[in-house]
Amino acid sequence: MPRIKALIGVVVVVGFFYLAWNLVPPYLANYQFQQEIQTVARDNMYTPLDENGIRDQVKRKISDIGVPINPDNVVIVRNGQDVTIGANYSVHVNLAVHPVDLTFLVATKDGDKIDSVPTANP
């Protein structure tokens, strides 16, 4: 009986590390991307850059971090000094038992995190 408990314990620990190995990188990339777009929005509040200039900065951050998002799907709204940036994206993770799609929302207004993706001006 102690061998079975030890074996179950080892399987649980190995399973935990397997899940962490596969799931932590997308969450870490999402956190880094959120921090970077907050920095971009904060830095561009008082600059004369238009939405295309800000989009170029966001494109560089996307390629640096490696998040799987099309830069054209990032919504950037500049209204005076207010800079709002947001995007939704998904990451597919193939786990041995069951594949998982993780959906992320990153959005910021003037460097502060917000809960919804901005809508483009009509």
Side-chain angles (χ1 to χ4, degrees):
M1 192 65 156
R3 283 190 158 165
I4 293 175
K5 287 183 181 179
L7 182 61
I8 290 172
V10 168
V11 167
V12 168
V13 169
V14 168
F16 173 76
F17 281 109
Y18 174 77
L19 285 175
W21 181 264
N22 285 297
L23 294 178
V24 168
Y27 282 101
L28 183 60
N30 176 60
Y31 176 77
Q32 289 174 330
F33 185 52
Q34 177 70 44
Q35 295 300 311
E36 291 296 335
I37 67 164
Q38 283 179 254
T39 301
V40 167
R42 192 177 307 113
D43 291 346
N44 286 297
M45 286 173 55
Y46 302 107
T47 63
L49 275 180
D50 62 349
E51 293 172 357
N52 291 328
I54 296 171
R55 185 172 306 280
D56 291 337
Q57 292 179 355
V58 171
K59 284 180 184 179
R60 275 185 259 130
K61 299 300 181 184
I62 288 172
S63 65
D64 290 346
I65 297 169
V67 290
I69 186 171
N70 184 349
D72 296 328
N73 293 338
V74 177
V75 177
I76 299 172
V77 177
R78 173 124 199 180
N79 188 5
Q81 290 181 346
D82 291 335
V83 177
T84 309
I85 305 170
N88 288 326
Y89 69 97
S90 295
V91 177
H92 183 76
V93 179
N94 281 324
L95 298 176
V97 178
H98 179 47
V100 176
D101 286 325
L102 304 173
T103 302
F104 295 105
L105 163 72
V106 290
T108 183
K109 180 175 182 177
D110 300 334
D112 296 323
K113 185 175 180 180
I114 58 175
D115 293 330
S116 63
V117 174
T119 56
N121 290 336

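Residue numbers run from 1 in the order of the sequence given. Predicted model only: the values in this text are computed from it and were never measured.
In this structure, N79 and T84 have side chains that are not in contact, with every pair of non-hydrogen atoms separated by 4.5 Å or more. Within the 4.5 Å cutoff, the side chain of V67 has no heavy atoms near those of the N30 side chain. In this structure the side chain of D64 never reaches within 4.5 angstrom of the side chain of E36, judged on heavy atoms. With contacts defined as side-chain heavy-atom distances shorter than 4.5 Å, the pair V74/I62 qualifies. Here the side chains of N88 and T103 are not in contact, with every heavy-atom distance at 4.5 Å or above. Contact of the V100 side chain with the N22 side chain is not registered, since no non-hydrogen atoms from C-beta on lie closer than 4.5 Å. Contact of the Q35 side chain with the Q38 side chain is registered, since non-hydrogen atoms from C-beta on lie closer than 4.5 Å.
A distance of 5.0 Å separates CG of L49 from CG of N44, quoted to the nearest 0.5 Å. The CD1 atom of I85 sits 9.5 Å away from the CG atom of D110 when rounded to the nearest 0.5 Å. Note: I54 CD1 to E51 CD = 7.0 Å, rounded to the nearest 0.5 Å. Atom-to-atom distance recorded for Q57:CD and I37:CD1 is 12.5 Å, nearest 0.5 angstrom. With values rounded to the nearest 0.5 angstrom, K109 atom NZ is found 10.0 Å from M45 atom CE. Distance check: D101 CG to N94 CG gives 9.0 Å after rounding to the nearest 0.5 Å.
What you find for K59 and P71 is that their closest heavy atoms are CG-CB, 3.3 Å. When all heavy atoms of P25 and A20 are compared, the pair lying nearest together is CD-O, 3.9 Å. Smallest separation of non-hydrogen atoms from Q81 and Y46: OE1-CE2, 3.2 Å. In terms of heavy atoms, S116 sits closest to A107 at O-CB, 3.3 Å. In terms of heavy atoms, A41 sits closest to G111 at CB-N, 3.7 Å. In this structure, I76 and R55 approach most closely via the heavy-atom pair CD1-CA, 3.4 Å.
Counting only distance, with no hydrogens or angles, the side chain of R78 and the backbone of G80 share a donor-acceptor pair below 3.5 Å.
Remark: Y27 OH is loosely packed, at most 12 non-hydrogen atoms of other residues, nucleotides or ligands lying under 6.0 Å away. Other residues, nucleotides and ligands contribute only 12 or fewer heavy atoms inside 6.0 Å of the CG atom of D115.
Under the 4.5 Å side-chain contact rule for hydrophobic residues, V93 and I69 share a cluster. Note: the hydrophobic cluster containing Y18 also contains L23 (ILVMFWY, side chain heavy atoms under 4.5 Å, direct or indirect links). Residues L105 and V75 share a single hydrophobic cluster, defined by chaining ILVMFWY side chains whose heavy atoms lie under 4.5 Å apart. Note: the hydrophobic cluster containing V91 does not contain Y31 (ILVMFWY, side chain heavy atoms under 4.5 Å, direct or indirect links).
Of the candidates V10, V12, V11, V14 forms a side chain to side chain contact (heavy atoms under 4.5 Å, CB included) with just one, namely V10.
Side chains of N70 and Y89: no donor on one and acceptor on the other come within 3.5 Å.
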